[in-house]
Amino acid sequence: MKKIAKTFMMIGMTTAMMSSFSACQQAQRVNPLLEESALPFGAPDFSQIEYADYLPAMEAAMAQQRENIQKIVDNPDSATFENTILPFEDSGRMLDRVARVFFALVDADKTPEIAETEKKVQPMMTALENEIMFNKPLFERIRQVYDNEHDQLKGEDQKLLEEIYKDFVRKGALLPDDKMERMKQINLRISDLQQQWGDLLPDATNNAVVWVDSKDQLAGLSEADIAQCEKDAQNRGGKAPYAIVIINTTQQPLLASLDNRELRKKVYEASIHRADGTNEKFNTFAIVCEIAKLRAEQAELMGYPNYASYSLEKTMAKTPENVYSFLKSLISQYSPKADAEMKAIEDFARQTEGADFTLEPYDRFYYSAKMKKQLLDVSDDEVKPYFNVDSVLINGVFYAANRVYGLTFKERDDIPTYHPDMHAYEVIDKDGKTKALFYCDYFRRPTKRGGAWMDGFAKQSRQWNQLPVIFNVCNNAKAPEGKPSLLTWDEVTTMFHEFGHALHGILSDCQYNRLSGTSVARDFVEMPSQFNESFASIPEVFDHFARHCETGEPMPADLKERMLKSITFQTAYALGENLAATCLDLAWHMLPSTAIPTPEQASGFETEALKQMGLLNRQIPPRYSTSYFNHVWGGGYAAGYYSYLWTEVLAVNIADVFAQRGALKPETGQDMRDKILSRGNTGDLMQMFSDFTGMEKPDASGLLRARGL
């Protein structure tokens, strides 16, 4: 017994020593987020970063910015651009670096550990912004520089001063103390609500998955789609052999192929009711209504009648009236085409379903696809084998960027990523010099939010000697191991779209981080991305990437002709769903704080808002309904979703210029680089557009023409 006891005592001592050694090692370990990365481009070293590093890194970076701000405030010398504005621009450099890495994971790989950290970080970030924006001594110094030096400064220096000064003013730096205090409270509460939204909506969308018991119910789907449904079921707990995952938009792509009408209805209703309280666990309306009310109050504190007026002041559109005028002109031209399109689809369906058949929203994609097959002899299943994600990226997206802008891409297997699905590429300019680092993360997973986006681990800045480190994220289905991952045409254009944003970041050549890359107004930022979509259908580019996933053969000429014709087949729907979502966004943000609906009234408010704009159409629901409109309630597009249509006009005008000059000519690409893509927010955005196109103002008629309407 004594021998056994002695043995246990020795084991205990050894365990304690090992634990102590481990703790010592942890104490000596330097948090990799708090040091500039030794990797090329300063890329984040995900091989060294641990979940436990994010919170202390964010706290330390925030503390450093507070110290830097205090140094500016404590400076006894008179405020100048050199001793106030430049130090302010630099004050949050570490926080910018750490936050960009952390929030990339919040969106793209939100594990339970990241989600828990986010709950702590978000209120801290909002509190810091409040401290800075309402720091009276700091603002007084910034105002002195603005009053004394603005007219003497030139170029990016003047623009940097303007942006910083106006940002403080727009956030409420000139408010009296009582209103300033209320603005702080509102900022904190909105941050908390958006955190709740960011937790609830993905849970609601994941919960909305439709479980399917047998393969027979999936009739109409391709074998690849059925395999994906099987894989999705396994990834989500295997409650049934197959699962149809709900994506972020209202309509679901599989509805175009699914023969089972009851299952189509079930999928559609799971989508549109995912967060409206149909399942009492998932109801976002309370969050929506409170955010809308608080935003309206923010605007009123700043002297505006509603949040839309406040928000739009800093955009190209300037006022809600200008946006509504733009939208109404589109609606008047779109509506008769939408009615004719809907009647044609219903008439087509009645040929097989009977004269009393009524087309429902979950039927539209299905019969439209059959109609397209009959009229144009083309279907998604026929063309998808030619759209392998790897070929689209290398032989399409990268190829076009090489032809037009002279960029080449070298994969970097030595640079760690946050997930095995992510890949990194060094971007080399036509002079042979490294220009940027680009990552892509294209496949969906339960930890990734819906949609597709571009962002960066670092923005370009000559001041910081920083090359851009940019990434694209999508939610494409990943094929089983050993099989090619195939895309729809819509997914192909999404890859080109997001890479257009990436190019805006990659080709940036600005002095200051605050002004570089995509730091432009919302109704300009979508222009480079929407324009870049145009390269996907240019014959030389299309032929280069549209190759059969097994044989490598190009798409046959007759199929290619039919496929390209189908791009503009029945496009009124896509415009209508966008118009409806846009008008919902504006309707919520045109309200004064006293008129915000209650959560119980929110659904009825949506219906009435669409009715007033002539867009209440069961066949064409909003692309995003109020209860899952993440752009507006969780993202940065409040009163700004119109920008997708606004910038589509700009993009079509620019594409026309490229077509006239030679779409793939390097000279045209260099002109686009010089006058728009490299300039970030360093000048007047409309002037940039005019400098490149030679047009005094955009021509909206091009939008309907480009959509085949």
Side-chain angles (χ1 to χ4, degrees), residues 190 193-194 196-197 200-201 204-205 207-208 246 248-251 265-266 268-297 299-300 305-309 311 320 323-324 327-328 331 334-335 338-339 342 358-362 364 573 576-635 637-642:
I190 288 178
L193 290 166
Q194 289 187 318
Q196 293 178 37
W197 171 274
L200 183 56
L201 182 60
T205 304
N207 180 75
I246 300 301
N248 62 325
T249 53
T250 295
Q251 282 288 8
K265 180 179 180 181
K266 193 173 181 180
Y268 177 81
E269 291 189 343
S271 173
I272 204 162
H273 294 304
R274 72 186 78 172
D276 65 0
T278 298
N279 180 329
E280 61 184 18
K281 287 176 61 180
F282 303 107
N283 189 341
T284 61
F285 282 138
I287 298 173
V288 164
C289 294
E290 189 174 354
I291 291 177
K293 188 176 182 69
L294 290 170
R295 284 177 177 163
E297 188 180 349
E300 289 159 5
N306 51 60
Y307 187 83
S309 297
S311 178
V323 175
Y324 273 118
L327 294 175
K328 287 175 181 176
I331 292 169
Y334 143 84
S335 292
D339 292 342
M342 183 174 68
T358 300
L359 195 73
E360 297 291 345
Y362 45 84
R364 188 185 181 100
Y573 184 96
E577 66 171 356
N578 197 319
L579 284 166
T582 295
C583 290
L584 275 185
D585 170 31
L586 285 172
W588 279 100
H589 293 105
M590 286 294 288
L591 297 172
S593 61
T594 55
I596 304 296
T598 65
E600 294 73 26
Q601 296 169 333
S603 182
F605 174 79
E606 172 172 314
T607 300
E608 187 58 30
L610 293 173
K611 184 178 179 180
Q612 288 183 8
M613 290 297 293
L615 293 169
L616 183 61
N617 185 337
R618 288 188 69 253
Q619 292 299 325
I620 309 180
R623 183 170 176 81
Y624 306 100
S625 193
T626 296
S627 62
Y628 50 91
F629 205 161
N630 189 60
H631 286 76
V632 170
W633 309 115
Y637 280 77
Y641 194 70
Y642 77 92

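The aromatic rings of His631 and Tyr624 lie tilted to each other, with the angle between the two planes from 30° to 60°.
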Check your understanding: Going through the distances and angles, do Tyr324 and Met613 end up as a side-chain contact (heavy atoms from CB on, under 4.5 Å)?
Key -> CA-CA 10 Å; Tyr324 273 118; Met613 290 297 293; 4.0 Å; yes
Exercise for review: Take Thr598 and Phe285 through the test side-chain contact (heavy atoms from CB on, under 4.5 Å) and record every step on the way to the result.
Suggested key: CA-CA 8 Å; Thr598 65; Phe285 282 138; over 6 Å; no
Practice item. Kindly indicate, with the supporting measurements, whether the criterion side-chain contact (heavy atoms from CB on, under 4.5 Å) is fulfilled by Asn630 and Asn248. Key: CA-CA 9 Å; Asn630 189 60; Asn248 62 325; over 6 Å; no
Review point. Checking side chain to side chain donor-acceptor pair (under 3.5 Å) for the pair Tyr573/Gln251: CA distance, chi angles, key distance, verdict?
Key: CA-CA 11 Å; Tyr573 184 96; Gln251 282 288 8; 3.1 Å; yes
Exercise for review: Walk me through it: do Trp197 and Thr284 pass the test side-chain contact (heavy atoms from CB on, under 4.5 Å)?
Suggested key: CA-CA 7 Å; Trp197 171 274; Thr284 61; 3.5 Å; yes
Check your understanding: Can Tyr628 and Thr250 be said to form a side chain to side chain donor-acceptor pair (under 3.5 Å), step by step?
Key -> CA-CA 9 Å; Tyr628 50 91; Thr250 295; 2.5 Å; yes
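Side-chain atoms of Ser627 and Arg274, non-hydrogen and from C-beta on, never get closer than 4.5 Å to each other. In this structure the side chain of Trp588 never reaches within 4.5 angstrom of the side chain of Ile291, judged on heavy atoms. Counting heavy atoms from C-beta outward, Leu294 and Leu193 have side chains that approach closer than 4.5 Å. Residues Asn306 and Pro592 have side chains not in contact (no heavy-atom distance under 4.5 Å, counting atoms from C-beta outward). You'll find the side chain of Leu327 reaches within 4.5 Å of the side chain of Thr582, heavy atoms only. Looking at Leu610 and Glu606, their side chains come closer than 4.5 Å, going by heavy atoms from C-beta outward. In this structure, Tyr268 and Pro621 have side chains that are in contact, with non-hydrogen atoms separated by less than 4.5 Å. Looking at heavy atoms from C-beta onward, Pro622 lies out of side-chain contact with Tyr641 at the 4.5 angstrom threshold.
With hydrogens and angles disregarded, a donor-acceptor distance shorter than 3.5 Å links the side chain of Lys293 to the backbone of Ser593. Judged by distance alone, with hydrogens and angles left aside, the side-chain atoms of Gln194 form a donor-acceptor pair with the main-chain N or O of Trp633 at under 3.5 Å.
Of all heavy-atom pairs between Met342 and Leu359, the closest is O-CD2, 4.4 Å. For the residue pair Ala638 and Ser311, the shortest heavy atom distance occurs at O-OG, 3.5 Å. Closest of all the heavy-atom pairs between Pro597 and Leu591 is CD-CD1, 3.7 Å. Nearest heavy-atom pair, Asp276 versus His273, reported as atom, atom and distance to 0.1 Å: OD2-ND1, 2.6 Å. Considering every non-hydrogen atom in both Ala639 and Leu586, the closest pair reads O-CD2, 4.2 Å. Residue Gly576 comes nearest to Ile620 through the heavy atom pair C-CG2, 3.7 Å, listed as atom of the first residue, atom of the second, then distance.
To the nearest 0.5 Å, atoms CD1 (Ile596) and OH (Tyr307) are separated by 12.5 Å. To the nearest 0.5 Å, the span separating CZ on Phe282 from CG on Asn279 amounts to 5.5 Å. With rounding to the nearest 0.5 Å, the separation of CG in Asn617 from OG in Ser335 is 9.0 Å. Atom OG of Ser309 is separated from atom CD of Glu300 by 10.5 Å, given to the nearest 0.5 angstrom. Of the inter-residue distances, the one linking Thr607 atom OG1 with Leu584 atom CG reads 9.0 Å to the nearest 0.5 angstrom. For the atom pair OG (Ser603) and CD (Glu608), the distance works out to 12.0 Å, reported to the nearest 0.5 Å.
If you look at Phe629 and Tyr637, their ring centroids are not closer than 6.0 Å.
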